Amino acid sequence: MSAQPDLPLRPMTLGEVLDAAMTVLRARAVPLLLLAGVLAGVEQAVLRPLRESVGATAPWYGPARGQFGAWWVVFSAGFGFEAFIICVVGALAAAVAGPALLGRQVPARELWRRMRPLPTLAAAVVLGVVCAVAAFCGLVPWVFAAGLLGLVSGVIVIDRAGPNFVRAVRLAGRDQLRGMWTRMIAYGLWAAVRLVLGAGWVTALDAVTGSRPDWVPWLAPLAWWFADTVAYAALGCVDAVLLLETRIRTEGLDIAISRARSRGEDEATALVWAP
């Protein structure tokens, strides 16, 4: 497989968006999984004492009796952490996906510069706080917050528009919230994978052996770290591909690129959003 995959220069179905995201991930798995793994490790290190303080035990980390309120705060904080991580990883994925749409190869050392770290981190912090607060207020507000704001990483890296959350909302809200629901479907699919990898193996072990080994509380965070690493990298790639597909579908990005090619102009200028 090429180190820099070509992405379809046309509107895609939901399945094609998910397939294209996995193509991006497979092509640049090392930097994407490395970044996701480091951030997921920090997340587990921060959340572990918080979970212990509210009596949430491995591997499911559900609420302890009489501590639902405190547990819900920690639970909501987890949504904030993952929104931050997916945004940062999504910026790196966007640095891969933008050139891939043009059929160009980008050296790995340039990806970190292309992801625009400072505006990306600023947007990720804001997104993390908003998603944590929205999750605390209920999962329905979180769906709209995460679904509508999550494309901001691609807006920063591909559109070169800065941390423009208004732009992200407009993109995700087009075609009857198609971007928002695509992002949430992808999140739900990877949430199921995370549950199986992070905790499902314990249930299977209980069914086979009839007991739970003492080392489960120590192994469970590692299992969740592995599951989150893969899921965060994949979801970051979904965001990058989804932004490009939305611009092709609703803004004629494919036409702009084709015109630039026919005129002998730099195709990369078509990726830059002009308000």
Side-chain angles (χ1 to χ4, degrees), residues 35-64 67-93 117-156 163-169 172-173 177 179-181 183-192 194-195 198-199 220-221 224-225 227-229 231-236 238-239 242:
L35 179 59
V38 170
L39 295 176
V42 173
E43 178 191 26
Q44 288 298 322
V46 173
L47 288 179
R48 179 164 184 169
L50 296 178
R51 288 165 173 165
E52 291 177 351
S53 69
V54 298
T57 57
W60 297 101
Y61 298 111
Q67 297 197 55
F68 182 83
W71 173 85
W72 186 259
V73 173
V74 175
F75 180 70
S76 302
F79 281 102
F81 273 115
E82 66 181 23
F84 172 89
I85 295 172
I86 294 171
C87 182
V88 174
V89 177
L92 183 60
L118 292 181
T120 293
L121 288 175
V125 169
V126 173
L127 181 61
V129 171
V130 171
C131 286
V133 173
F136 180 79
C137 295
L139 293 183
V140 172
W142 170 81
V143 167
F144 283 92
L148 291 174
L149 300 176
L151 294 183
V152 70
S153 58
V155 170
I156 294 171
N164 192 333
F165 285 99
V166 174
R167 165 76 169 161
V169 170
L177 303 177
M180 185 191 84
W181 292 121
R183 196 171 192 269
M184 288 296 97
I185 289 171
Y187 182 92
L189 292 174
W190 278 103
R194 290 162 67 187
L195 287 173
W224 278 107
W225 168 80
D228 289 345
T229 294
Y232 292 159
L235 290 171
V238 169
D239 285 348
L242 180 59

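Sequence positions, counted from 1, serve as the residue numbers for this chain. Being a predicted model, the structure only gives us computed values, none of them experimental.
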Answer yes or no: is there a side-chain heavy-atom contact under 4.5 Å between [X] and [Y]?
{"X": "Gln44", "Y": "Asp228", "answer": "yes"}
{"X": "Val152", "Y": "Cys87", "answer": "yes"}
{"X": "Leu121", "Y": "Phe84", "answer": "yes"}
{"X": "Cys131", "Y": "Trp142", "answer": "yes"}
{"X": "Pro163", "Y": "Ile156", "answer": "yes"}
{"X": "Glu43", "Y": "Tyr232", "answer": "yes"}
{"X": "Leu151", "Y": "Leu242", "answer": "yes"}

For the pair Trp224 and Tyr61, name the ring-plane relationship: parallel under 30°, tilted 30 to 60°, perpendicular over 60°.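 Correct class here is tilted.
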
| Taking the inter-plane angle between the rings of Phe75 and Phe79 on a 0 to 90° scale, is it parallel (under 30°), tilted (30 to 60°) or perpendicular (over 60°)? |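 Perpendicular: the ring planes of Phe75 and Phe79 meet at over 60°.
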
Quiz item: Any sub-3.5 Å donor-acceptor pair from Arg183's side-chain atoms to Asp239's backbone N or O?
Solution: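 Flag not set: sc Arg183 to bb Asp239 has no pair under 3.5 Å.
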
**Prompt:** Got a donor-acceptor contact below 3.5 angstrom from the Trp225 side chain to the Ala40 backbone?
**Reply:**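 Not at all, since once roles are kept as given, no pair shorter than 3.5 Å links the two residues.
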
- Task: Starting from the C-alpha separation in whole Å, work towards a yes-or-no answer on side-chain contact (heavy atoms from CB on, under 4.5 Å) for Thr229 and Val38.
- Result: CA-CA 8 Å; Thr229 294; Val38 170; over 6 Å; no

Give a yes or no on whether Phe165 atom CZ has more than 12 heavy-atom contacts from other residues, nucleotides or ligands under 6.0 Å away.
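Buried by this count: over 12 neighbours within 6.0 Å.
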
- Got a sec, which pairs hit side-chain hydrogen bond (donor to acceptor under 3.5 Å, both in side chains) with one end in residues 82-93, sequence neighbours left out?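 Matches after skipping sequence neighbours: Glu82-Tyr187, Glu82-Arg194.
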
Does Val46 have any side chain to side chain contact (heavy atoms under 4.5 Å, CB included) partners at least two apart in sequence or in another chain, and if so, which?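 For Val46, the residues satisfying side chain to side chain contact (heavy atoms under 4.5 Å, CB included) (neighbours in sequence not counted) are Val42, Leu50, Phe81.
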
For the student: nearest non-hydrogen atoms of [X] and [Y], plus distance:
{"X": "Ser153", "Y": "Ala91", "value": "CB-N, 3.6 Å"}
{"X": "Pro59", "Y": "Gly198", "value": "CB-O, 4.1 Å"}
{"X": "Val88", "Y": "Ala124", "value": "CG2-CB, 3.7 Å"}
{"X": "Trp71", "Y": "Ala56", "value": "CD1-CB, 3.9 Å"}
{"X": "Leu149", "Y": "Leu127", "value": "CB-CD1, 3.6 Å"}

Quiz prompt | Non-neighbouring partners of Arg167 that pass side chain to side chain donor-acceptor pair (under 3.5 Å), sequence neighbours left out | solution =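 Scan of Arg167 (side chain to side chain donor-acceptor pair (under 3.5 Å), adjacent residues dropped) gives Asp159, Glu251.
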
